[in-house]
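All chains are named by letter (A, B, ...) in the order of the sequence lines, taking the proteins before the strands, and each is independently numbered beginning at 1.
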Amino acid sequence: MMAADSDPESEVFEITDFTTASEWERFISRVEEVLNDWKLIGRAVAKPPEKGEYTTGTWEEKTKEINFADFKFSITHHYLKQETVESEGKEEPEEDALPLAMQDLLCMNNDFPPRAHCLVRWYGVHEFVVISPGTNCEAIISESKCNLLLSSVSISLANTGCQVPVFVQIQQKWRRMYAGECQGPGVRTDFEMVHLRKVPSQYNHLSGLLDVFKSKIGCPLTPLPPVNVAIRFTYVLQDWQQYSWPQQPPDFDALLAGEVGGVEFGKLPFGACEDPISELHLATTWPHLTEGIVVDNDVYSDLDPLQAPQWSVRVRKADNPQCLLGDFLMEFFKLCGRKESTEDILGRNSVEEDGKENSDITHALSKLTEPAAVPIPKLSVTNMVHSARKRIRRHRRVDESPLSNDVLNSILLYLFPDAAVDKPSDNNESKAQQSNPDGKTEQEKDPEDYNLYNQLKSAPSDSLTYRLALCICMVNFYHGGMRAVAHLWQEFVLEMRYRWENNYLIYGLAGGPPDLRCCLLHQKLQMLNCCIERKRARDDGRKSATAEGVRERKVSGCENGRLGPESAGSTATAGGMEVSPGKSWDSWSDSEDEFFECLSDTDELKEAPAEGERSGAKEASKAKPEGRLQPHGKLTLLNSDQPLYIPVTQEPAPMTEDLLEEQSEVLAKLGTSAEGAHLRARMQSACLLSDMESFKAANPGCSLEDFVRWYSPRDYVEEEVTDESGQTVVRGDLSARMKIPGNMWVEAWETAKATPARRQRRLFDDTKEAEKVLHYLAVQKPADLTRHLLPCIIHAAILKEKEEEAAEDIPSVRKAIQQISSLASKLLRHPNPDYKKLEEIINQIMVVEAVIARARSLKAKFGIGKGERGEDAEDLERFVSSLLEEPEVAVIGAGRGPAGSIIHKLFVSAQRLADSTDEAALLAPLEEEAGRGGGGTEDRKPAGGGGVPDFPPPAGREILLRTCVPRPAPYSKALPQRLFCVLMREEFRLAGAFSSDTSFF
Amino acid sequence: MDDDVLTTLKILIIGESGVGKSSLLLRFTDDTFDPELAATIGVDFKVKTIAVDGNRAKLAIWDTAGQERFRTLTPSYYRGAQGVILVYDVTKRDSFSKLENWLNELETYCTRNDLVKMLVGNKIDKDNREVDRNEGLKFARKHSMLFIEASAKTRDGVQCAFEELVEKILQTPGLWESSLQGQGVQLSDQQQSGQGACGGYCSLL
Ligand SMILES: Nc1nc2c(ncn2[C@@H]2O[C@H](COP(=O)(O)OP(=O)(O)O)[C@@H](O)[C@H]2O)c(=O)[nH]1
Ligand SMILES: [Mg+2]
């Protein structure tokens, strides 16, 4: 295989025996194989890289492992992805054209790329291969090994005709030492490197380096063609003292000690706790000098950074700065994985016992309240909290309580602001509906943000559930972790039970049936509210003596409440005449004997028609109509002139998504047989029957046709017919399917008694459903709770970041937030969200936070947002925002532009501060002195003067020398020569590429 | 038999009462037409396994009553549906005019954003047509739905309607396959990755 491209004939007939080949030979053949695999053989056709293409283009790399005996190397191909130029006519490259890498040596389009592999920076190459010791392998240090490797490369290149340069990494990895070679037809470039810890003084300037370069070239020509010079000095600004980082973690204890119900509960913290920008690097560049134009030697230098024609800046970001929102979220998220139950955390008996005592208390309460016609003074949360606390205390000592009384009280007041009113309040119904204390609904502020709950399956941002999520998150972070979470949750569940038992609606939930677009916990709370609503209506009905006046109570007009905006709840109770539009299908509550709106027994006896009258429609026509809601348009009954009335009907049974799931499973399990279908219909006919009974009660003397005209108008077919007298009359009839004998509609109609809704058996058993919800809540572990609330927290975090971004206006962040939202939406709407991916969402949220914090830091440093400045301000803002988005940003006007003069000022200030011996400088008003306008040179301090220099010594100097001269003999081809010099405080590197003509040697 | 079933799809049939929803379903599952079919109470349910493009899919089809009074509870069944068949009666203009309402409801209550919707104009065997085919087409285009005209009575278009719907659902990459890979949020310049040995990319400092 060694001579892979030799003529095929020989391969066929010659058996090549490698059984005796040495390790070295084998290594070489492996390298060749890889070069072959990657199709690096022969000459590629490509355009020289465009200006800036190294930055804008994409770099790619491929890696393979190869062995030298048992020593592992990795071989990597790095290349700038370029469009293949094949389309432009298959012009064969000139026979003796230089390899691309050699052309790169002289190309000036991409000097000092902002971010690139160091070999790209040093040698300008856009495609190369690196062989380096595999991970965990020792470095190649001995000279003989280095030479062995290099000669392997040399042989491989020669054997294959590969024109891509190949480097080998030698010495310890951190030293970034490479040696390499590039071969072309009759030409070769050797890449060599010197690396020292200190800059030798004779090379500490341009003139010294030029000497090295020239002597290395050893060009026989006199005079030498002039050397092309490019220089970049980099200055580092670390001292931001005058803009010390303002953000401290908020003092939450202080907050809580403040007034009750501190508004801060509703807010997520945001921002970095340390300056997320650690350094500013200023690069001053002289891109194109010719030897002799500038002087830079051991006694004098023309290279004044202020005068450099190009300035560019990059910022160094603190690695993972600690950010408040991210920490909050992550701590919350971690709870999802915990196993402990509330009992495990708070003590074995606390929950159970509390429940028992609690029911005792409510029992006592109800005894107290029952006979009283006056509304009960409402207990304040504080009272409730205290009684709850007493109970809990019995089971654990005070100091063991995770949440202090103060903290707990403030939280409960934030969650249940309706309880803050200590005075008796008899209209807590309307209070419970208006979910936002500050008057302005969240919805009015920004409907798109408001409706985010719909996408994230969380809960509206003004809901109790959402607020609970914020509190749980905060309590977890600041007030004792999971124990505090368990404690708060226990209190919350107690409060829910309290409200159920005392008929207080739960504050901060939209009325109506559970909103299936929200998270399950929110639905459960809404369900509980529905139960409270029903129970209260029933209890009120019991108390109220006026029977006929009892109207059906509504949590809200369902048509509005369900489809309409969430917090429009306050309007919902207004129209008592709204049609109750739906029906319950929930027929499995038959164990209960309670009536829908139960009257006291005596009332019922007075009100109810005698038993006999209920039985048939005929007798019922004489009966007194009951439970009418409103006339149905202008329709009259078919058998009389009486208007057709829509009856008051039973409310549909509210359902949470898990109940629905259960129910549809039950229905589906009945199967698809005829009997199954029949049973299914029968199970769902309870509501139809109930409606029929209500209808009969409201319309004495009515027929099934009347009912169908209201209930299923399409099944009453009206036709124009000409009667005997020749007149066209409209004749109506039931549809064919309604007339099928024994069909369920007819069957139900026949069994239906004339009974108004309020005397019917309840279709929805609020007592049972409420207990189910309360039990469900009680058994949720902290981890369950966290999982329930995670969508709300992600929702809150997204809103927070939107808000913070709006203040800064960072397009990339805006886009990122958009992406996070839609990803989160996909994940959270899935029935079983993938928690690994949700963690990724949180990480993304953290990245966004850090970017915003960086933007803030930079804006503060560049004095943006302080007004004034006019047209410069815009440029400056653009400059600052590109600093965030790009690795390196050019400063327009270099040291003389608006950004440049600020940067200059920053350096001057830092310099003065650093010069601590000069106390006067510390005291001097920096702003004034450093505040130069357009950066006129007249302000400049004398370069060699005694004052503090404006800039610190450069942290790094890069000097790039290039020329094209014949080597090794005067009659050789003129070939690219290049030396890249890096001078830093603790590093001196010379990276040279020297080409020579090999044709005649 | 069940083990080679690719997936179970939940499909919902909605539309005004009397447009022929139950009849369409009966035609599809049992290939019969029953003029004596009772008006649906609540929801009904049927299952059928079909093969589309060599994939077997088990369809769990929920048939709903269209009456106003039943309507408020239908949304419960929108949950998790992957496909919806919205039916109108080509001989009853008002059943066509109400389509918009149905779509609004769907928009509000369906829980996935990749739901596939199909519009079916039923009863084309009858001669007192009130809604032109083009009107149906236009409506479907406007709302990005599949469209077909059919007759439960003559079986025209019925099989085809269900097959098309299923095919489309199977083509639509489901939420369950959604992945973060390759669509992660890219925020500006993430800190230089590799360090030290220059395995990654570096600047001067
Ligand atoms: N001529 C004709 N009648 C149909 C067709 N489909 C349904 N019907 C009739 O229309 C009425 C209502 O049908 P049904 O399937 O119960 O409607 P649904 O309420 O939408 O389920 C019944 O009397 C059916 O016999 C059809 O394609 N052609
Ligand atoms: Mg039907």
Side-chain angles (χ1 to χ4, degrees), chain A residues 114-118 173-174 176 234 236 281 317 319 516 558 562-563 581-583 585 652 655 657 660 664 667-668 672 677 680-681 684-685 688 691 711-712 714-715 735-738 740 743-745 812 816 819-820 823 826 829-830 837 840 844 847-848 851 884-887 955-956 958 982, chain B residues 16-19 29 35-48 60 62 65-73 75-80 92 95 104-105 108-109 111-113 175-176 178-180 183-192 196-205:
Chain A
R115 213 190 311 148
H117 191 283
C118 53
K173 284 205 167 182
W174 62 265
R176 296 194 270 166
T234 301
V236 174
H281 295 185
K317 295 140 191 177
D319 303 330
L516 304 178
C558 283
R562 283 245 272 181
L563 296 171
K583 272 293 86 192
W585 306 350
M655 297 275 239
E657 67 189 30
L660 280 164
S664 53
L667 292 181
T672 52
R680 191 155 38 233
Q684 297 176 85
S685 66
L688 179 64
D691 282 351
Y711 209 87
S712 182
R714 254 170 258 279
D715 281 299
S735 69
R737 62 181 185 177
M738 284 294 176
I740 302 163
N743 84 66
M744 207 168 286
W745 293 65
S812 66
Q819 284 175 304
I820 292 174
L823 265 169
K826 281 187 178 180
R829 284 166 69 147
H830 192 276
K837 287 179 182 168
E840 186 47 35
Q844 314 260 17
V847 170
V848 166
V851 174
L884 283 168
E885 322 229 319
E886 290 157 30
E958 292 163 284
V982 181
Chain B
E16 294 290 307
S17 98
V19 295
T29 54
E36 302 262 279
L37 197 60
T40 313
I41 292 175
V43 293
D44 199 9
F45 171 80
K46 284 195 185 304
V47 186
K48 181 165 171 138
W62 291 88
Q67 282 87 353
E68 196 72 35
R69 299 278 303 151
F70 284 121
R71 189 101 57 97
T72 40
L73 280 173
S76 324
Y77 286 87
Y78 291 6
R79 246 176 68 77
K92 289 270 173 353
S95 73
N104 282 340
E105 213 158 270
T108 316
Y109 292 107
T111 52
R112 30 196 349 150
N113 27 25
L175 299 180
W176 51 90
S178 88
S179 135
L180 280 173
Q183 41 178 327
V185 179
Q186 264 307 314
L187 254 187
S188 63
D189 122 81
Q190 309 292 8
Q191 209 68 8
Q192 39 267 64
C198 209
Y201 297 84
C202 44
S203 57
L204 165 67
L205 295 176

Nearest heavy-atom neighbours spanning A/V848 and A/I820:
CG2-CD1, 3.8 Å

Parallel, tilted or perpendicular: which fits the ring planes of B/Y77 and B/W62, with parallel below 30° and perpendicular above 60°?
tilted

In terms of heavy-atom pairs under 4.5 Å with chain A, which of B/D44, B/T40, B/V19 leads?
B/D44

Top of A/A677, A/A681, A/S735, A/S664 for chain B proximity - count of heavy-atom pairs under 4.5 angstrom
A/S664

Measure across A/M655 and A/L516 and return the closest heavy-atom pair with its distance rounded to 0.1 Å.
O-CD2, 3.8 Å

Under 4.5 Å heavy-atom distance to chain B, tell me which part of A/A736 shows up: side chain, backbone, both or neither.
neither

Measure distances from B/T29 to the heavy atoms of chain A and classify the residue's part below 4.5 Å as side chain, backbone, both or neither.
neither

Where is the tightest heavy-atom contact between A/W745 and B/A39, given as atom of each residue plus distance?
NE1-O, 3.2 Å

Looking at B/A38, B/S17, B/G18, B/G66, which has the largest count of heavy-atom pairs under 4.5 Å with chain A?
B/S17

Which heavy-atom pair separates A/V236 from A/A955 by the least distance, and what is that distance?
CG2-CB, 3.6 Å

